[in-house]
Amino acid sequence: MRAGYVLSIDQGTTGTTVLIFDHDGQVKGRAYSEFTQHYPRPGWVEHDAEEIWQVTLKVIGEALRSARVRASDLHAIGITNQRETTVLWDRATGKPVARAIVWQDRRTARHCDELKARGLEEMIRHRTGLVIDPYFSGTKVKWLLDQVDGLRERAGRGEIAFGTIDCWLVWQLTGGKAHATDYSNASRTLLYNIQELCWDEEILELLDIPKAILPAVRPSACIFGSTDPEMFFGTHGIPVAGVAGDQQAALFGQACHGAGLAKNTYGTGSFVLMNTGTQRVLSKEKLLTTIAWGIGDEPVEYALEGAIFITGAAVQWLRDGLGIIRSASEVEALARSVPDNEGVYFVPALVGLGAPHWDPYARGLLIGITRGTTRGHLVRAVLESMAYQTRDVIEAMQRDSGITLKELRCDGGASVNRLLMQFQADILGVPVEVPRIVETTALGAAYLAGLATGFWSSRVELAEKWQLDNRYTPHLDESGRQRLFRRWHRAVERSQGWALDDEGDAPGVS
(Lines give C-alpha, C1' and ligand atoms only; values in the text may rest on other atoms or scores of the structure.)
Protein backbone atom coordinates (compact mmCIF):
# COMPACT_ATOMS: atom_id res chain seq x y z
CA MET A 1 0.00 0.00 0.00
CA ARG A 2 1.26 3.47 -0.89
CA ALA A 3 2.45 5.45 2.13
CA GLY A 4 0.83 8.69 3.10
CA TYR A 5 -2.70 10.02 3.33
CA VAL A 6 -5.10 12.38 1.62
CA LEU A 7 -6.95 14.94 3.71
CA SER A 8 -10.39 15.99 2.53
CA ILE A 9 -12.21 19.13 3.68
CA ASP A 10 -15.97 18.79 3.30
CA GLN A 11 -17.23 22.33 3.82
CA GLY A 12 -20.96 21.96 4.27
CA THR A 13 -23.76 24.41 4.87
CA THR A 14 -24.04 23.96 8.62
CA GLY A 15 -20.64 22.55 9.52
CA THR A 16 -17.16 21.47 8.49
CA THR A 17 -16.09 17.83 8.25
CA VAL A 18 -12.50 16.74 7.71
CA LEU A 19 -11.70 13.13 6.82
CA ILE A 20 -8.31 11.53 6.33
CA PHE A 21 -8.14 8.63 3.88
CA ASP A 22 -5.48 6.01 3.33
CA HIS A 23 -4.61 4.45 -0.03
CA ASP A 24 -7.37 1.86 0.34
CA GLY A 25 -9.91 4.68 0.56
CA GLN A 26 -10.57 3.90 4.22
CA VAL A 27 -11.20 6.60 6.81
CA LYS A 28 -8.28 6.87 9.25
CA GLY A 29 -9.42 9.98 11.09
CA ARG A 30 -12.31 12.40 11.17
CA ALA A 31 -13.61 15.49 12.93
CA TYR A 32 -16.61 17.78 12.63
CA SER A 33 -17.79 21.12 13.93
CA GLU A 34 -20.82 23.27 13.24
CA PHE A 35 -20.56 27.00 12.64
CA THR A 36 -22.99 29.87 13.06
CA GLN A 37 -26.03 30.34 10.84
CA HIS A 38 -27.20 33.94 10.50
CA TYR A 39 -30.79 34.81 9.52
CA PRO A 40 -30.94 38.63 9.50
CA ARG A 41 -34.30 38.80 7.68
CA PRO A 42 -36.92 36.36 6.42
CA GLY A 43 -35.47 34.54 3.42
CA TRP A 44 -31.91 35.71 4.14
CA VAL A 45 -29.17 33.24 5.14
CA GLU A 46 -25.57 34.29 5.84
CA HIS A 47 -22.26 32.83 7.03
CA ASP A 48 -19.12 34.44 8.42
CA ALA A 49 -16.40 33.27 6.02
CA GLU A 50 -13.68 34.07 8.55
CA GLU A 51 -15.42 31.84 11.09
CA ILE A 52 -15.62 29.07 8.47
CA TRP A 53 -11.84 29.29 7.95
CA GLN A 54 -11.10 29.20 11.68
CA VAL A 55 -13.46 26.26 12.20
CA THR A 56 -11.81 24.49 9.25
CA LEU A 57 -8.36 24.88 10.82
CA LYS A 58 -9.65 23.59 14.15
CA VAL A 59 -11.29 20.56 12.58
CA ILE A 60 -8.19 19.76 10.48
CA GLY A 61 -6.13 19.64 13.68
CA GLU A 62 -8.69 17.40 15.37
CA ALA A 63 -8.81 15.03 12.39
CA LEU A 64 -5.01 14.76 12.29
CA ARG A 65 -4.96 13.90 15.98
CA SER A 66 -7.79 11.40 15.49
CA ALA A 67 -5.80 9.65 12.76
CA ARG A 68 -2.51 9.98 14.66
CA VAL A 69 -1.10 11.54 11.53
CA ARG A 70 1.18 14.56 11.15
CA ALA A 71 0.49 17.25 8.60
CA SER A 72 3.78 16.34 6.92
CA ASP A 73 2.39 12.81 6.29
CA LEU A 74 -0.25 14.19 3.95
CA HIS A 75 0.19 13.50 0.25
CA ALA A 76 -2.50 15.92 -0.91
CA ILE A 77 -5.54 17.96 0.17
CA GLY A 78 -8.95 17.88 -1.46
CA ILE A 79 -11.78 20.37 -0.96
CA THR A 80 -15.50 19.99 -1.51
CA ASN A 81 -18.01 22.63 -0.62
CA GLN A 82 -21.45 24.19 -0.46
CA ARG A 83 -21.37 25.49 -3.97
CA GLU A 84 -23.27 28.71 -4.65
CA THR A 85 -22.45 30.46 -1.35
CA THR A 86 -20.80 33.77 -2.27
CA VAL A 87 -17.78 35.40 -0.60
CA LEU A 88 -16.12 38.71 -1.45
CA TRP A 89 -12.86 39.59 0.24
CA ASP A 90 -10.09 42.18 0.23
CA ARG A 91 -7.10 40.92 -1.76
CA ALA A 92 -4.64 42.89 0.37
CA THR A 93 -5.86 41.82 3.81
CA GLY A 94 -7.56 38.53 2.96
CA LYS A 95 -10.56 39.61 5.05
CA PRO A 96 -14.19 39.28 3.92
CA VAL A 97 -15.86 42.59 3.12
CA ALA A 98 -19.28 41.30 4.19
CA ARG A 99 -20.89 38.13 5.41
CA ALA A 100 -21.09 35.36 2.84
CA ILE A 101 -24.51 34.99 1.21
CA VAL A 102 -25.52 31.33 1.45
CA TRP A 103 -26.93 29.30 -1.44
CA GLN A 104 -30.27 29.06 0.40
CA ASP A 105 -30.66 32.85 0.51
CA ARG A 106 -33.62 34.31 -1.42
CA ARG A 107 -32.95 38.07 -1.20
CA THR A 108 -32.38 38.44 -4.94
CA ALA A 109 -35.72 36.86 -5.94
CA ARG A 110 -37.13 40.12 -7.26
CA HIS A 111 -34.07 40.85 -9.35
CA CYS A 112 -34.31 37.35 -10.80
CA ASP A 113 -37.94 38.07 -11.68
CA GLU A 114 -36.80 41.21 -13.51
CA LEU A 115 -34.25 39.25 -15.55
CA LYS A 116 -36.93 36.74 -16.51
CA ALA A 117 -39.32 39.54 -17.47
CA ARG A 118 -36.65 40.85 -19.85
CA GLY A 119 -36.72 37.52 -21.68
CA LEU A 120 -33.20 36.50 -20.66
CA GLU A 121 -33.91 33.06 -19.25
CA GLU A 122 -33.36 31.06 -22.44
CA MET A 123 -30.05 32.78 -23.24
CA ILE A 124 -28.75 32.25 -19.72
CA ARG A 125 -29.95 28.66 -19.60
CA HIS A 126 -28.27 27.86 -22.93
CA ARG A 127 -24.92 29.33 -21.87
CA THR A 128 -24.79 28.36 -18.20
CA GLY A 129 -27.09 25.33 -18.03
CA LEU A 130 -28.91 27.01 -15.13
CA VAL A 131 -32.26 28.65 -14.53
CA ILE A 132 -32.49 32.23 -13.30
CA ASP A 133 -32.93 31.81 -9.57
CA PRO A 134 -31.60 33.40 -6.34
CA TYR A 135 -29.94 30.05 -5.62
CA PHE A 136 -26.94 30.84 -7.82
CA SER A 137 -24.00 33.12 -7.11
CA GLY A 138 -24.34 35.72 -9.87
CA THR A 139 -27.18 37.81 -8.47
CA LYS A 140 -25.68 37.48 -4.97
CA VAL A 141 -22.45 39.06 -6.23
CA LYS A 142 -24.39 41.88 -7.85
CA TRP A 143 -26.36 42.48 -4.64
CA LEU A 144 -23.15 42.80 -2.57
CA LEU A 145 -21.53 45.13 -5.10
CA ASP A 146 -24.68 47.28 -5.11
CA GLN A 147 -25.27 47.35 -1.36
CA VAL A 148 -21.83 47.62 0.29
CA ASP A 149 -20.59 51.23 0.14
CA GLY A 150 -17.69 51.74 -2.26
CA LEU A 151 -17.40 48.03 -3.06
CA ARG A 152 -18.16 48.24 -6.77
CA GLU A 153 -15.48 50.89 -7.29
CA ARG A 154 -12.92 48.84 -5.36
CA ALA A 155 -13.90 45.74 -7.32
CA GLY A 156 -13.34 47.58 -10.59
CA ARG A 157 -9.82 48.49 -9.43
CA GLY A 158 -9.02 44.81 -8.80
CA GLU A 159 -8.89 45.18 -5.01
CA ILE A 160 -11.66 42.67 -4.33
CA ALA A 161 -11.78 38.91 -4.94
CA PHE A 162 -14.89 36.80 -5.44
CA GLY A 163 -15.16 33.12 -4.83
CA THR A 164 -17.38 30.31 -3.71
CA ILE A 165 -16.31 28.59 -0.49
CA ASP A 166 -13.82 26.29 -2.23
CA CYS A 167 -12.06 29.32 -3.68
CA TRP A 168 -11.98 31.00 -0.28
CA LEU A 169 -10.36 27.92 1.30
CA VAL A 170 -7.82 27.55 -1.52
CA TRP A 171 -6.86 31.20 -1.01
CA GLN A 172 -6.43 30.69 2.73
CA LEU A 173 -4.53 27.39 2.51
CA THR A 174 -2.06 28.82 0.00
CA GLY A 175 -1.56 32.06 1.90
CA GLY A 176 -3.29 34.12 -0.79
CA LYS A 177 -1.12 32.80 -3.62
CA ALA A 178 -3.94 31.00 -5.49
CA HIS A 179 -7.23 32.63 -6.46
CA ALA A 180 -8.81 29.73 -8.31
CA THR A 181 -11.88 27.54 -8.51
CA ASP A 182 -12.70 24.42 -10.52
CA TYR A 183 -15.04 23.78 -13.43
CA SER A 184 -17.78 22.30 -11.27
CA ASN A 185 -18.01 25.28 -8.92
CA ALA A 186 -17.66 27.83 -11.72
CA SER A 187 -20.60 26.21 -13.46
CA ARG A 188 -22.82 27.10 -10.46
CA THR A 189 -22.28 30.86 -10.54
CA LEU A 190 -24.68 31.82 -13.38
CA LEU A 191 -21.64 33.58 -14.86
CA TYR A 192 -19.77 30.71 -16.55
CA ASN A 193 -20.30 29.49 -20.11
CA ILE A 194 -20.22 25.70 -19.71
CA GLN A 195 -19.87 25.07 -23.45
CA GLU A 196 -17.06 27.54 -24.17
CA LEU A 197 -15.49 26.99 -20.71
CA CYS A 198 -15.01 30.67 -19.93
CA TRP A 199 -16.56 33.48 -17.91
CA ASP A 200 -19.38 34.85 -20.06
CA GLU A 201 -18.68 38.49 -20.96
CA GLU A 202 -22.28 39.31 -21.86
CA ILE A 203 -23.72 37.96 -18.61
CA LEU A 204 -21.04 39.78 -16.59
CA GLU A 205 -22.02 43.01 -18.34
CA LEU A 206 -25.70 42.25 -17.77
CA LEU A 207 -25.14 41.91 -14.00
CA ASP A 208 -22.53 44.71 -13.91
CA ILE A 209 -19.87 42.42 -12.41
CA PRO A 210 -16.24 43.35 -13.16
CA LYS A 211 -14.14 40.51 -14.51
CA ALA A 212 -11.27 41.60 -12.24
CA ILE A 213 -12.89 39.93 -9.22
CA LEU A 214 -13.21 36.47 -10.78
CA PRO A 215 -10.97 33.50 -10.02
CA ALA A 216 -9.07 31.38 -12.50
CA VAL A 217 -10.99 28.22 -13.48
CA ARG A 218 -9.07 24.94 -13.44
CA PRO A 219 -9.78 21.20 -13.73
CA SER A 220 -11.20 19.55 -10.63
CA ALA A 221 -8.16 17.26 -10.43
CA CYS A 222 -5.07 19.43 -10.74
CA ILE A 223 -2.64 21.18 -8.42
CA PHE A 224 -4.16 24.53 -7.41
CA GLY A 225 -1.26 25.48 -5.15
CA SER A 226 0.63 24.35 -2.07
CA THR A 227 0.06 25.00 1.59
CA ASP A 228 1.62 28.04 3.20
CA PRO A 229 3.35 27.20 6.52
CA GLU A 230 1.86 30.25 8.23
CA MET A 231 -1.61 29.04 7.37
CA PHE A 232 -1.23 25.27 7.66
CA PHE A 233 0.38 24.01 10.86
CA GLY A 234 3.84 25.16 9.85
CA THR A 235 3.83 22.66 6.99
CA HIS A 236 4.87 23.81 3.52
CA GLY A 237 4.27 22.36 0.12
CA ILE A 238 1.31 19.98 0.53
CA PRO A 239 -0.54 20.13 -2.81
CA VAL A 240 -4.10 21.40 -2.76
CA ALA A 241 -4.98 19.21 -5.69
CA GLY A 242 -8.67 18.30 -5.79
CA VAL A 243 -11.61 20.71 -5.78
CA ALA A 244 -15.23 19.99 -6.63
CA GLY A 245 -18.65 21.19 -5.61
CA ASP A 246 -20.16 18.88 -3.04
CA GLN A 247 -22.64 17.14 -5.32
CA GLN A 248 -20.19 16.58 -8.15
CA ALA A 249 -17.69 15.24 -5.61
CA ALA A 250 -20.32 12.81 -4.32
CA LEU A 251 -21.06 11.65 -7.89
CA PHE A 252 -17.35 10.97 -8.32
CA GLY A 253 -17.03 9.29 -4.92
CA GLN A 254 -19.98 7.03 -5.77
CA ALA A 255 -18.01 5.83 -8.83
CA CYS A 256 -20.74 7.13 -11.16
CA HIS A 257 -18.08 7.63 -13.80
CA GLY A 258 -20.17 6.57 -16.80
CA ALA A 259 -23.09 8.19 -18.59
CA GLY A 260 -26.48 7.20 -17.14
CA LEU A 261 -25.27 6.49 -13.60
CA ALA A 262 -26.96 8.55 -10.86
CA LYS A 263 -26.77 9.31 -7.17
CA ASN A 264 -28.65 11.27 -4.53
CA THR A 265 -26.94 12.92 -1.57
CA TYR A 266 -29.04 13.63 1.51
CA GLY A 267 -27.54 16.59 3.31
CA THR A 268 -28.96 19.96 4.30
CA GLY A 269 -30.65 19.72 0.92
CA SER A 270 -30.65 16.79 -1.46
CA PHE A 271 -29.16 16.69 -4.90
CA VAL A 272 -29.78 14.10 -7.58
CA LEU A 273 -27.11 13.98 -10.29
CA MET A 274 -26.94 11.86 -13.42
CA ASN A 275 -23.68 11.61 -15.34
CA THR A 276 -24.24 12.44 -19.04
CA GLY A 277 -20.57 12.02 -20.04
CA THR A 278 -19.08 14.58 -22.42
CA GLN A 279 -22.57 15.39 -23.75
CA ARG A 280 -24.17 18.60 -22.50
CA VAL A 281 -27.89 17.79 -22.15
CA LEU A 282 -29.99 20.95 -21.90
CA SER A 283 -33.03 20.24 -19.76
CA LYS A 284 -36.62 20.82 -20.86
CA GLU A 285 -37.84 19.85 -17.39
CA LYS A 286 -36.36 22.69 -15.33
CA LEU A 287 -33.38 20.63 -14.26
CA LEU A 288 -29.86 22.01 -14.30
CA THR A 289 -27.12 21.14 -16.73
CA THR A 290 -23.87 21.36 -14.84
CA ILE A 291 -20.22 20.45 -15.25
CA ALA A 292 -19.55 17.25 -13.32
CA TRP A 293 -15.75 17.56 -13.28
CA GLY A 294 -12.61 17.97 -15.31
CA ILE A 295 -9.74 15.52 -14.84
CA GLY A 296 -6.42 17.04 -15.88
CA ASP A 297 -6.33 17.51 -19.65
CA GLU A 298 -9.31 15.22 -20.35
CA PRO A 299 -12.51 16.74 -21.77
CA VAL A 300 -14.92 17.99 -19.12
CA GLU A 301 -17.89 15.79 -18.27
CA TYR A 302 -21.42 17.00 -17.61
CA ALA A 303 -24.36 16.02 -15.45
CA LEU A 304 -28.06 16.68 -15.12
CA GLU A 305 -28.96 17.85 -11.64
CA GLY A 306 -32.09 18.27 -9.60
CA ALA A 307 -31.49 20.54 -6.60
CA ILE A 308 -33.81 19.97 -3.63
CA PHE A 309 -33.31 22.82 -1.18
CA ILE A 310 -34.56 21.33 2.10
CA THR A 311 -34.22 17.73 3.31
CA GLY A 312 -31.85 17.33 6.26
CA ALA A 313 -32.45 20.97 7.16
CA ALA A 314 -36.06 20.02 7.93
CA VAL A 315 -34.79 17.65 10.61
CA GLN A 316 -32.72 20.49 12.07
CA TRP A 317 -35.89 22.59 12.05
CA LEU A 318 -37.71 19.87 14.01
CA ARG A 319 -34.88 20.07 16.55
CA ASP A 320 -34.01 23.76 16.69
CA GLY A 321 -37.20 25.45 15.50
CA LEU A 322 -39.96 23.30 16.96
CA GLY A 323 -38.05 21.51 19.71
CA ILE A 324 -39.93 18.25 19.17
CA ILE A 325 -36.73 16.19 18.95
CA ARG A 326 -33.47 16.56 20.85
CA SER A 327 -31.24 15.05 18.16
CA ALA A 328 -31.47 13.72 14.62
CA SER A 329 -30.81 10.21 15.94
CA GLU A 330 -34.36 10.11 17.32
CA VAL A 331 -36.02 10.55 13.93
CA GLU A 332 -36.14 6.97 12.67
CA ALA A 333 -37.57 5.51 15.89
CA LEU A 334 -40.22 8.25 16.06
CA ALA A 335 -41.20 7.70 12.43
CA ARG A 336 -41.48 3.95 13.05
CA SER A 337 -43.79 4.59 16.01
CA VAL A 338 -46.66 5.00 13.50
CA PRO A 339 -47.53 2.47 10.77
CA ASP A 340 -47.92 5.10 8.02
CA ASN A 341 -48.39 8.83 7.50
CA GLU A 342 -52.19 8.69 8.05
CA GLY A 343 -52.62 11.32 5.36
CA VAL A 344 -50.16 13.83 6.88
CA TYR A 345 -47.87 15.50 4.31
CA PHE A 346 -45.10 18.04 4.81
CA VAL A 347 -43.88 20.24 1.96
CA PRO A 348 -40.47 21.57 3.09
CA ALA A 349 -40.56 24.80 1.09
CA LEU A 350 -38.84 26.65 3.94
CA VAL A 351 -36.75 28.65 1.47
CA GLY A 352 -38.92 28.11 -1.59
CA LEU A 353 -38.96 25.07 -3.87
CA GLY A 354 -36.09 23.97 -6.08
CA ALA A 355 -36.19 21.51 -8.96
CA PRO A 356 -38.35 20.83 -10.81
CA HIS A 357 -40.74 23.52 -9.51
CA TRP A 358 -38.40 26.51 -9.02
CA ASP A 359 -40.78 28.61 -6.96
CA PRO A 360 -38.94 31.05 -4.64
CA TYR A 361 -42.32 32.14 -3.23
CA ALA A 362 -43.47 28.68 -2.11
CA ARG A 363 -43.49 28.21 1.65
CA GLY A 364 -43.55 25.24 3.98
CA LEU A 365 -46.85 23.45 4.43
CA LEU A 366 -48.09 20.76 6.82
CA ILE A 367 -51.44 19.32 5.80
CA GLY A 368 -53.71 16.42 6.73
CA ILE A 369 -53.52 17.00 10.49
CA THR A 370 -56.29 15.53 12.65
CA ARG A 371 -56.83 15.24 16.38
CA GLY A 372 -55.07 11.90 16.21
CA THR A 373 -51.90 13.30 14.64
CA THR A 374 -48.80 12.72 16.79
CA ARG A 375 -45.22 13.91 16.55
CA GLY A 376 -44.50 10.49 15.05
CA HIS A 377 -46.71 11.38 12.09
CA LEU A 378 -45.03 14.77 11.73
CA VAL A 379 -41.54 13.26 11.81
CA ARG A 380 -42.59 10.57 9.34
CA ALA A 381 -44.02 13.22 7.02
CA VAL A 382 -40.70 15.08 7.13
CA LEU A 383 -38.78 11.92 6.21
CA GLU A 384 -41.20 10.99 3.44
CA SER A 385 -40.96 14.48 1.94
CA MET A 386 -37.31 13.76 1.15
CA ALA A 387 -38.29 10.72 -0.91
CA TYR A 388 -41.19 12.42 -2.70
CA GLN A 389 -38.98 15.33 -3.76
CA THR A 390 -36.37 12.88 -5.03
CA ARG A 391 -38.95 11.12 -7.20
CA ASP A 392 -40.11 14.47 -8.60
CA VAL A 393 -36.56 15.12 -9.78
CA ILE A 394 -35.84 11.62 -11.08
CA GLU A 395 -39.01 11.53 -13.18
CA ALA A 396 -37.99 14.84 -14.78
CA MET A 397 -34.45 13.54 -15.28
CA GLN A 398 -35.68 10.42 -17.05
CA ARG A 399 -37.82 12.49 -19.42
CA ASP A 400 -34.85 14.75 -20.24
CA SER A 401 -32.28 12.04 -20.76
CA GLY A 402 -34.42 9.26 -22.21
CA ILE A 403 -32.75 6.95 -19.69
CA THR A 404 -34.77 4.87 -17.23
CA LEU A 405 -32.83 4.49 -14.01
CA LYS A 406 -32.25 0.92 -12.94
CA GLU A 407 -30.95 1.86 -9.49
CA LEU A 408 -30.11 4.91 -7.40
CA ARG A 409 -26.95 5.21 -5.31
CA CYS A 410 -27.56 7.19 -2.13
CA ASP A 411 -25.24 8.78 0.40
CA GLY A 412 -25.07 11.58 2.94
CA GLY A 413 -26.17 11.68 6.56
CA ALA A 414 -29.78 10.55 6.08
CA SER A 415 -28.76 7.50 4.03
CA VAL A 416 -28.13 5.66 7.32
CA ASN A 417 -31.87 5.95 8.02
CA ARG A 418 -33.21 2.54 6.96
CA LEU A 419 -36.84 3.64 7.03
CA LEU A 420 -36.10 6.52 4.66
CA MET A 421 -34.04 4.38 2.28
CA GLN A 422 -36.74 1.70 2.12
CA PHE A 423 -39.43 4.32 1.49
CA GLN A 424 -37.22 5.89 -1.19
CA ALA A 425 -37.02 2.53 -2.98
CA ASP A 426 -40.77 2.02 -2.53
CA ILE A 427 -41.82 5.40 -3.94
CA LEU A 428 -39.33 5.17 -6.85
CA GLY A 429 -40.00 1.56 -7.71
CA VAL A 430 -36.26 0.85 -8.23
CA PRO A 431 -33.56 -0.45 -5.87
CA VAL A 432 -31.60 1.98 -3.71
CA GLU A 433 -27.94 1.22 -2.96
CA VAL A 434 -25.96 2.66 -0.05
CA PRO A 435 -22.17 2.24 0.04
CA ARG A 436 -20.10 1.34 3.08
CA ILE A 437 -18.57 4.80 3.13
CA VAL A 438 -21.51 7.21 3.07
CA GLU A 439 -19.28 10.32 3.23
CA THR A 440 -18.85 10.07 -0.52
CA THR A 441 -18.65 13.85 -0.89
CA ALA A 442 -15.39 13.97 1.06
CA LEU A 443 -14.25 10.74 -0.56
CA GLY A 444 -14.78 12.19 -4.05
CA ALA A 445 -12.68 15.26 -3.24
CA ALA A 446 -9.95 13.00 -1.85
CA TYR A 447 -10.03 10.84 -4.98
CA LEU A 448 -9.71 13.90 -7.23
CA ALA A 449 -6.72 15.16 -5.21
CA GLY A 450 -5.12 11.73 -5.23
CA LEU A 451 -5.57 11.36 -8.99
CA ALA A 452 -3.91 14.72 -9.61
CA THR A 453 -0.86 13.80 -7.52
CA GLY A 454 -0.48 10.15 -8.55
CA PHE A 455 -1.59 8.79 -5.18
CA TRP A 456 -4.15 6.76 -7.14
CA SER A 457 -3.46 5.69 -10.70
CA SER A 458 -6.81 5.80 -12.47
CA ARG A 459 -10.60 5.92 -12.22
CA VAL A 460 -10.63 2.16 -12.75
CA GLU A 461 -8.66 1.71 -9.55
CA LEU A 462 -11.05 4.02 -7.70
CA ALA A 463 -14.18 2.28 -9.01
CA GLU A 464 -12.89 -1.01 -7.66
CA LYS A 465 -12.85 0.49 -4.16
CA TRP A 466 -16.64 1.12 -4.14
CA GLN A 467 -18.32 -1.33 -1.75
CA LEU A 468 -22.04 -1.96 -1.17
CA ASP A 469 -23.36 -1.78 2.38
CA ASN A 470 -27.14 -2.06 1.95
CA ARG A 471 -29.48 -2.61 -0.97
CA TYR A 472 -33.17 -1.74 -0.60
CA THR A 473 -35.65 -3.24 -3.03
CA PRO A 474 -39.20 -1.88 -3.52
CA HIS A 475 -41.99 -3.54 -1.52
CA LEU A 476 -44.88 -1.17 -2.31
CA ASP A 477 -47.16 -2.07 -5.20
CA GLU A 478 -47.70 0.33 -8.09
CA SER A 479 -51.19 1.44 -7.06
CA GLY A 480 -50.05 2.28 -3.54
CA ARG A 481 -47.03 4.13 -4.90
CA GLN A 482 -49.13 6.27 -7.22
CA ARG A 483 -51.79 7.00 -4.59
CA LEU A 484 -49.20 8.41 -2.17
CA PHE A 485 -47.50 10.39 -4.92
CA ARG A 486 -50.73 11.97 -6.16
CA ARG A 487 -51.52 13.27 -2.67
CA TRP A 488 -47.98 14.66 -2.39
CA HIS A 489 -48.57 16.69 -5.53
CA ARG A 490 -51.82 18.06 -4.14
CA ALA A 491 -49.90 19.30 -1.11
CA VAL A 492 -47.14 20.83 -3.26
CA GLU A 493 -49.71 22.76 -5.31
CA ARG A 494 -51.13 24.33 -2.15
CA SER A 495 -47.68 25.53 -1.02
CA GLN A 496 -46.76 27.34 -4.22
CA GLY A 497 -46.77 31.13 -4.45
CA TRP A 498 -47.66 31.49 -0.76
CA ALA A 499 -45.22 34.37 -0.10
CA LEU A 500 -46.89 36.51 -2.75
CA ASP A 501 -49.58 38.87 -1.48
CA ASP A 502 -52.83 39.62 -3.32
CA GLU A 503 -51.05 42.08 -5.63
CA GLY A 504 -48.35 39.58 -6.55
CA ASP A 505 -45.67 41.23 -4.43
CA ALA A 506 -43.38 39.33 -2.09
CA PRO A 507 -43.36 40.78 1.43
CA GLY A 508 -39.91 40.61 3.01
CA VAL A 509 -38.16 39.69 -0.25
CA SER A 510 -36.24 42.37 -2.11
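Counting begins at 1 with the first residue of the sequence. FYI, side chains are in, hydrogens and waters are out, and symmetry mates aren't considered; it's all heavy atoms of this structure.
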I'd like a table of donor-acceptor pairs (distance under 3.5 Å, sequence neighbours excluded) in which one partner is a side-chain atom from residues 313-324, with atom names and distances.
none

Between the side chains of [X] and [Y], does any donor sit under 3.5 Å from an acceptor?
X: Glu51; Y: Thr36; answer: yes
X: Gln104; Y: Thr13; answer: no
X: Thr80; Y: Asp10; answer: no

- Message: Is it the case that the ring center of His75 lies less than 6.0 angstrom away from the ring center of Tyr5?
- Response: no
Residue pair [X] / [Y]: nearest heavy atoms and the distance that separates them:
X: Thr189; Y: Ala186; result: OG1-O, 2.8 Å
X: Ser184; Y: Gly245; result: OG-N, 2.9 Å
X: Ser415; Y: Gly412; result: OG-O, 2.6 Å
X: Lys406; Y: Pro431; result: O-CD, 3.4 Å
X: Pro356; Y: Asp392; result: CD-CB, 3.9 Å
X: Ala76; Y: Ala241; result: CB-CB, 4.5 Å

Interatomic distance, [X] atom [atom1] to [Y] atom [atom2] [nearest 0.5 angstrom]:
X: Asp182; Y: Ile291; atom1: CG; atom2: CD1; answer: 8.5 Å
X: Ile369; Y: Glu342; atom1: CD1; atom2: CD; answer: 12.5 Å
X: Ser329; Y: Leu334; atom1: OG; atom2: CG; answer: 10.0 Å
X: Asn81; Y: Asn185; atom1: CG; atom2: CG; answer: 4.0 Å
X: Ser66; Y: Lys28; atom1: OG; atom2: NZ; answer: 10.0 Å

Those residues that, when tested against [X], pass salt bridge (Lys or Arg N to Asp or Glu O under 4.0 Å) (two or more places apart):
X: Glu407; result: Arg409
X: Arg68; result: none
X: Arg490; result: none

Which residues pass the side chain to side chain donor-acceptor pair (under 3.5 Å) test with [X], sequence neighbours left out?
X: Ser137; value: none
X: Gln37; value: His47
X: Arg125; value: Glu122

- Can you list the residues that meet the side-chain contact (heavy atoms from CB on, under 4.5 Å) rule with Leu261, with sequence neighbours excluded? Cys256
- Message: Run the side-chain contact (heavy atoms from CB on, under 4.5 Å) test against Ser283 and tell me which residues pass, sequence neighbours left out.
- Response: Glu285, Leu287, Leu304, Asp400
- Item | CA sep, side-chain torsions, deciding dist, call: Glu50, Trp53, side-chain contact (heavy atoms from CB on, under 4.5 Å) | CA-CA 5 Å; Glu50 184 62 34; Trp53 168 237; 3.9 Å; yes
- Query: Between Asp133 and Arg106, is a salt bridge (Lys or Arg N to Asp or Glu O under 4.0 Å) present by the stated rule, with each step listed?
  - Reply: CA-CA 9 Å; Asp133 190 83; Arg106 313 305 289 169; 3.1 Å; yes
Is any side-chain heavy atom of [X] closer than 4.5 Å to a side-chain heavy atom of [Y]?
X: Gln248; Y: Glu301; value: no
X: Val243; Y: Val170; value: yes
X: Ile194; Y: Thr290; value: no
X: Ile52; Y: Gln82; value: yes
X: Ser33; Y: Lys58; value: yes
X: Met421; Y: Asn470; value: no
X: Pro435; Y: Asp469; value: no
X: Leu353; Y: Gln496; value: yes

- Message: Let's go through Trp168 and Trp89 carefully: what are the C-alpha distance in whole Å and the side-chain angles of both, what is the deciding distance for ring-ring contact (aromatic ring centres under 6.0 Å, His included) to 0.1 Å, and is it a yes or a no?
- Response: CA-CA 9 Å; Trp168 167 248; Trp89 66 92; 5.2 Å; yes
- Query: Pairs in or reaching into residues 375-394: which pass ring pair (Phe, Tyr, Trp, His ring centres under 6.0 Å), with residues at least two apart or in two chains?
  - Reply: Tyr345-Tyr388, Tyr388-Phe423, Tyr388-Trp488
- Note on the structure: Tested for side-chain contact (heavy atoms from CB on, under 4.5 Å) against Ile165, the lone hit among Val87, Thr16, Val102 is Val87
- Message: Name the residue from Met274, Met397, Arg188 that meets the side-chain contact (heavy atoms from CB on, under 4.5 Å) definition with Glu305.
- Response: Arg188
- Message: I'd like to know if the side chain of Gln398 reaches the main chain of Leu405, judged simply by a donor and an acceptor atom lying under 3.5 Å from each other, with no hydrogens or angles considered.
- Response: yes
- Between Tyr447, Phe252, Phe21, which is the residue that forms a ring pair (Phe, Tyr, Trp, His ring centres under 6.0 Å) with Trp456? Tyr447
- Crowding at CZ, Arg399 (>12 non-hydrogen neighbours, <6.0 Å): yes
- Going through the distances and angles, do Leu64 and Ile20 end up as a side-chain contact (heavy atoms from CB on, under 4.5 Å)? CA-CA 8 Å; Leu64 289 169; Ile20 296 173; 3.7 Å; yes
- Query: So Thr17 and Glu439, side-chain hydrogen bond (donor to acceptor under 3.5 Å, both in side chains) or not? Walk me through it.
  - Reply: CA-CA 10 Å; Thr17 303; Glu439 300 102 332; over 6 Å; no
- Hey, what's the ring geometry for Tyr135 with Phe271, parallel, tilted or perpendicular (30° and 60° as the breaks)? parallel
- Item | Aromatic ring pairing Trp358/Phe136, orientation class (parallel under 30°, perpendicular over 60°, tilted between) | tilted
- Message: Strictly below 4.0 Å, N to O, side chains only: are Arg481 and Glu395 in salt-bridge contact?
- Response: no
- Test side-chain contact (heavy atoms from CB on, under 4.5 Å) on Phe233 and Ile60 and set out the steps. CA-CA 10 Å; Phe233 303 97; Ile60 289 172; 3.3 Å; yes
- Counterpart residues, ring pair (Phe, Tyr, Trp, His ring centres under 6.0 Å), relative to Tyr192 (two or more places apart): Trp199
- Item | Glu332/Leu420 under side-chain contact (heavy atoms from CB on, under 4.5 Å): CA gap, chis, key distance, verdict | CA-CA 8 Å; Glu332 184 169 0; Leu420 172 60; over 6 Å; no
- Task: Could you name each residue pair satisfying salt bridge (charged side-chain N to carboxylate O under 4.0 Å, His left out) that touches residues 245-274, not counting sequence neighbours?
- Result: Arg83-Asp246
